[in-house]
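Each residue takes its place number in the sequence, starting with 1. Everything quoted here is computed from the prediction, not taken from an experiment.
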Amino acid sequence: MSRAYFISDMHLGARYIADPRAHERRVCRFLDTVAAGASELYILGDALDYWYEYRYVVPRGHVRFFGALARLADSGTAITWLTGNHDIWLYDYLRDEIGLEVADTPMLSRGILGARFVLAHGDRVGPQKAGFRFISRMFRSRACQRLYSAINPWYTIPFALGWSRQSRAAGECAGAEALREKLDPVLAASCSEIMAAYPATQYIVMGHHHLPLQRSVAGTSAQLTVLGDWTRGSSYAVFDGKTIRLDSI
């Protein structure tokens, strides 16, 4: 039976992960485990905590993860990587070397095993603070990217990873219930925006919010799945053509 798998927010390489090598191996074991039945794999952003592809070099690390993706692609699994706010700067290296599709878009409408899906990382749908919108536009500006690429990676990589660690620490001050309550209106607005753009949608899947949950979309027959993350858990979703299940390893 063909299955489509969805995963996001592994944040490989993050400095706040106690054992980065064990973390990467856990992700790779999952990918190797599902390989036999995975016709499609969708990575919904922030698989890497930081990534920037220069013209002739790429950052060190993540070899096991890229190898696991290559094995999947070579076995016939179609892989789509939808960029998030941490792995914005994916260009053509992984596309060409592994054979996966890179999609840099707020939302991606796709037919998957006979059903209509909209996939999103989640950072560019629904309400966004003005500062975040400005940074997102700046990060995606070709002029800004060229200027950034001229800075020695000795400075940019430690800066980016340190910024991520500070952001993570600030986000963990609130408990899970408080975060869930804060998230409810954000998800409602995100789903309204998606359904307005793609009214035939049956399933919405997104990452970014780091809290795994499933619920129906108010006023529609569509179902929302938020994937959670792999820094506090190991959650993913799988669709068999009839139902979508949120699970963990």
Q: Report the C-alpha distance between D240 and R245 in whole Å, list the side-chain angles of each, state the deciding distance to 0.1 Å, and finish with yes or no for side-chain contact (heavy atoms from CB on, under 4.5 Å).
A: CA-CA 9 Å; D240 62 5; R245 185 179 79 253; 5.9 Å; no
**Q.** Summary of side-chain hydrogen bond (donor to acceptor under 3.5 Å, both in side chains) pairs that have at least one residue in residues 22-31, sequence neighbours excluded
**A.** H23-R26, R26-S234
Q: Taking T77 for its side chain and A38 for its backbone only, find out whether a donor-acceptor pair lies under 3.5 Å.
A: yes
Q: Would you mind listing every ring-ring contact (aromatic ring centres under 6.0 Å, His included) that reaches into residues 216-235, with sequence neighbours excluded?
A: F30-W230
Q. Rounded to the nearest 0.5 Å, how far does CZ of R3 lie from CD1 of I112?
A. 15.5 Å
Q. When rounded to the nearest 0.5 angstrom, what is the spacing between CD in E40 and CZ in F117?
A. 9.0 Å
Q. Got a sec, which residues hit ring-ring contact (aromatic ring centres under 6.0 Å, His included) with H62, two or more places apart in sequence or on another chain?
A. F66
Q. Mind checking whether F132 and D123 have side chains closer than 4.5 Å, heavy atoms only?
A. yes
Q.
Using 30° and 60° as the class boundaries, would you call the ring planes of Y52 and Y91 parallel, tilted or perpendicular?
A. perpendicular
(Q) I'd like to check the side chain to side chain contact (heavy atoms under 4.5 Å, CB included) partners of I135; sequence neighbours left out, ordered by chain and number. (A) F139, W163
**Q.** Qualifying residues under salt bridge (charged side-chain N to carboxylate O under 4.0 Å, His left out), relative to R124, sequence neighbours excluded
**A.** D104
Q.
Using side-chain contact (heavy atoms from CB on, under 4.5 Å), reason through L12 and D49 one step at a time and then give a plain yes or no.
A. CA-CA 6 Å; L12 293 166; D49 200 56; over 6 Å; no
Q | Residue list, side chain to side chain donor-acceptor pair (under 3.5 Å) with R142, at least two apart or on another chain | A | Q145
Q) Step by step, would you call L100 with L69 a side-chain contact (heavy atoms from CB on, under 4.5 Å)? A) CA-CA 9 Å; L100 54 78; L69 292 181; 4.2 Å; yes
**Q.** Cluster overlap W89 with L94, hydrophobic side-chain contacts below 4.5 Å
**A.** no
**Q.** F6 and F239 aromatic centres sub-6.0 Å
**A.** no
Q: Please report the shortest heavy-atom distance between A68 and D32, naming the atom on each side.
A: CB-OD1, 4.2 Å
Q: Would you please indicate yes or no on a ring centroid separation below 6.0 angstrom for H11 and H210?
A: yes
**Q.** All side chain to side chain contact (heavy atoms under 4.5 Å, CB included) counterparts of T156, not counting sequence neighbours
**A.** Y50, Y54, Y148, I151, P153
Q: Would you please name every residue forming a side chain to side chain donor-acceptor pair (under 3.5 Å) with Q223, sequence neighbours left out?
A: none
Q.
Just to verify, what does R55 make a side chain to side chain contact (heavy atoms under 4.5 Å, CB included) with, not counting sequence neighbours?
A. none
(Q) So, using salt bridge (charged side-chain N to carboxylate O under 4.0 Å, His left out) as the criterion, who are the partners of D184 when residues are at least two apart? (A) R215
Q. How far apart are the closest heavy atoms of A237 and T225, and which atoms are they?
A. CB-CG2, 4.1 Å
Q | Any donor-acceptor pair under 3.5 Å from D247 side chain to Y236 backbone | A | no
Q) Quick one: side chain to side chain donor-acceptor pair (under 3.5 Å) partners of R110, sequence neighbours excluded? A) T80, E101
**Q.** For P20, all residues meeting side chain to side chain contact (heavy atoms under 4.5 Å, CB included), sequence neighbours excluded
**A.** none
Q: Return yes if some donor-acceptor pair links the side-chain N/O of T105 with the main-chain N/O of L108 below 3.5 Å, else return no.
A: no
Q: Examine the side chains of S136 and R140 and answer whether a donor and an acceptor come within less than 3.5 Å of each other.
A: yes
Q: Evaluate the side-chain contact (heavy atoms from CB on, under 4.5 Å) criterion for residues V27 and F65: first the C-alpha distance (whole Å), next the side-chain angles of each, then the deciding distance (0.1 Å), finally the verdict.
A: CA-CA 7 Å; V27 174; F65 176 59; 4.0 Å; yes
Q.
I need the minimum non-hydrogen distance between A73 and I79, along with the two atoms involved.
A. N-CD1, 3.9 Å
Q: Say whether, by atom type as modelled, one donor and one acceptor occur between the side chain of S192 and the main chain of A188 under 3.5 angstrom.
A: yes
**Q.** Spacing of T83 atom OG1 and L48 atom CG [to the nearest 0.5 Å]
**A.** 11.5 Å
Q. Considering all heavy atoms of both residues, which atom of I204 and which atom of C191 are nearest to each other, and what is their separation?
A. CD1-SG, 4.0 Å
Q: Look at the side chain of N152 and the backbone N and O of Y155, then say whether any donor-acceptor pair between them is shorter than 3.5 Å.
A: no
(Q) Quick check on the hydrophobic clustering: are L82 and I98 connected, directly or via other members, by side-chain heavy-atom contacts under 4.5 Å? (A) no
Q. Do the side chain of E53 and the main chain of D92 share a donor and acceptor less than 3.5 angstrom apart?
A. yes
Q) Taking side chain as C-beta onward, heavy atoms only, is L227 less than 4.5 Å from I7? A) no
Q) Is D96 reaching over with its side chain to a backbone N or O of Y93, donor-acceptor style, under 3.5 angstrom? A) no
(Q) Let me check something: do V226 and V217 share a hydrophobic cluster, defined by ILVMFWY side-chain heavy atoms less than 4.5 Å apart, either directly or through other members? (A) yes
**Q.** Verify same cluster id: L147, M138 (apolar side-chain graph, 4.5 Å)
**A.** no
Q: Would you mind reporting whether Q214 and L224 have side-chain heavy atoms less than 4.5 Å apart?
A: no
Q: Determine, using the 4.5 Å side-chain heavy-atom cutoff (strictly less than), whether L44 and L90 are members of one ILVMFWY cluster.
A: no
Q) Is there a donor-acceptor contact under 3.5 Å linking the side chains of H121 and D46? A) yes
Q | Minimum heavy-atom distance between V125 and S190, given as atom pair plus value | A | O-OG, 3.4 Å
Q) Could you give the distance from CD1 (I17) to CE (M10), rounded to the nearest 0.5 Å? A) 10.5 Å
(Q) A side-chain contact here means heavy atoms from C-beta on lying under 4.5 Å apart; do S235 and D229 qualify? (A) no
Q. Side chains of W51 and I88: does their closest heavy-atom pair fall under 4.5 Å?
A. no
Q: Let me know which of L31, V238, I43 forms a side-chain contact (heavy atoms from CB on, under 4.5 Å) with Y5.
A: V238
Q) Is there side-chain contact between H208 and N85, with at least one heavy-atom pair below 4.5 Å? A) yes
Q.
Let me confirm one number: the CG-OG distance from L119 to S8, rounded to the nearest 0.5 Å.
A. 11.0 Å
Q) Which atom pair, heavy atoms only, marks the closest approach of G45 to D87? A) C-OD2, 3.7 Å
